[in-house]
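Here is the structure we will look at.
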Amino acid sequence: MPDVAERLDVSISKVHQMIRDRELLAVRRDGVRRVPADLVANRTVLKHLPGVLNLLTDAGYDDEAALRWLYEPDDTLPGTPATALGGDQAREVKRRAQALGF
């Protein structure tokens, strides 16, 4: 968490609040909460990430399942949904996340 806080130029407590508010995704690995580095770009969280996380939560995905979905390779996107969120396909990723709820 300290690295994420430094990268976003916010306090660690703010990072924890962002995770609680579904603005950022964190999962436990070896007992430590970790945030995928590529979800944070240019001192900010990827623009569409909070919306996608909320849609995945609404579809019944927990943090682990959301992480798997974001990083599962998809031949119809440039790599993975997480990678596509940083580019021109962000709205398509959001649309697909929304469709999971139906």
Side-chain angles (χ1 to χ4, degrees):
M1 292 302 143
D3 293 340
V4 176
E6 183 178 326
R7 192 166 184 183
L8 292 173
D9 195 28
V10 297
S11 68
I12 294 174
S13 61
K14 176 64 177 170
V15 172
H16 288 285
Q17 183 65 45
M18 292 171 77
I19 293 166
R20 281 191 300 274
D21 291 345
R22 308 292 299 156
E23 295 173 20
L24 197 54
L25 178 67
V27 292
R28 288 201 184 275
R29 294 290 182 259
D30 300 321
V32 177
R33 283 180 99 181
R34 298 183 186 272
V35 174
D38 54 340
L39 297 181
V40 179
N42 301 323
R43 298 189 144 313
T44 187
V45 174
L46 292 177
K47 180 180 178 183
H48 295 279
L49 180 63
V52 169
L53 292 177
N54 283 317
L55 290 167
L56 292 174
T57 299
D58 290 348
Y61 283 59
D62 63 13
D63 289 346
E64 288 288 337
L67 183 73
R68 277 192 303 277
W69 187 84
L70 283 168
Y71 286 95
E72 187 172 318
D74 186 330
D75 293 338
T76 63
L77 294 170
T80 66
T83 303
L85 277 176
D88 296 338
Q89 295 288 324
R91 292 186 197 280
E92 175 62 16
V93 172
K94 202 169 182 179
R95 186 196 65 73
R96 291 178 187 194
Q98 186 175 25
L100 293 172
F102 296 103

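Quick note: residue numbers are just sequence positions, from 1.
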When you compare the side chain of [Y] with that of [X], does any pair of heavy atoms fall below 4.5 Å?
X     : Y      : answer
Ile19 : Met1   : yes
Leu55 : Leu100 : no
Leu70 : Leu53  : yes
Leu8  : Met18  : yes
Asp38 : Tyr71  : yes
His48 : Val93  : no

To the nearest 0.5 Å, what is the distance between [atom1] ([X]) and [atom2] ([Y])?
X     : Y     : atom1 : atom2 : result
His16 : Asp21 : NE2   : CG    : 13.0 Å
Gln89 : Thr76 : CD    : OG1   : 8.0 Å
Asp63 : Leu24 : CG    : CG    : 10.0 Å
Leu77 : Asp88 : CG    : CG    : 12.0 Å

Can you give me the closest heavy-atom contact between [X] and [Y], atom names plus distance?
X     : Y     : value
Ala84 : Pro78 : CB-CD, 4.1 Å
Leu49 : Val45 : CD2-CG1, 3.6 Å
Glu72 : Pro81 : O-CD, 3.3 Å
Leu67 : Pro36 : CD1-CG, 3.6 Å

Derivation and outcome, side chain to side chain donor-acceptor pair (under 3.5 Å), residues Gln17 and Arg20: CA-CA 5 Å; Gln17 183 65 45; Arg20 281 191 300 274; 2.7 Å; yes
Tell me every residue that passes salt bridge (Lys or Arg N to Asp or Glu O under 4.0 Å) with Glu6, counting only those two or more places apart in sequence or in another chain. none
With sequence neighbours left out, what residues match Arg91 under salt bridge (Lys or Arg N to Asp or Glu O under 4.0 Å)? none
Which residue is it: Arg96, Lys94, Arg22? I am looking for the one with a side-chain contact (heavy atoms from CB on, under 4.5 Å) to Val52. Lys94
Spell out, as yes or no, whether a donor-acceptor pair under 3.5 Å connects the side chain of Arg29 to the backbone of Arg34. no
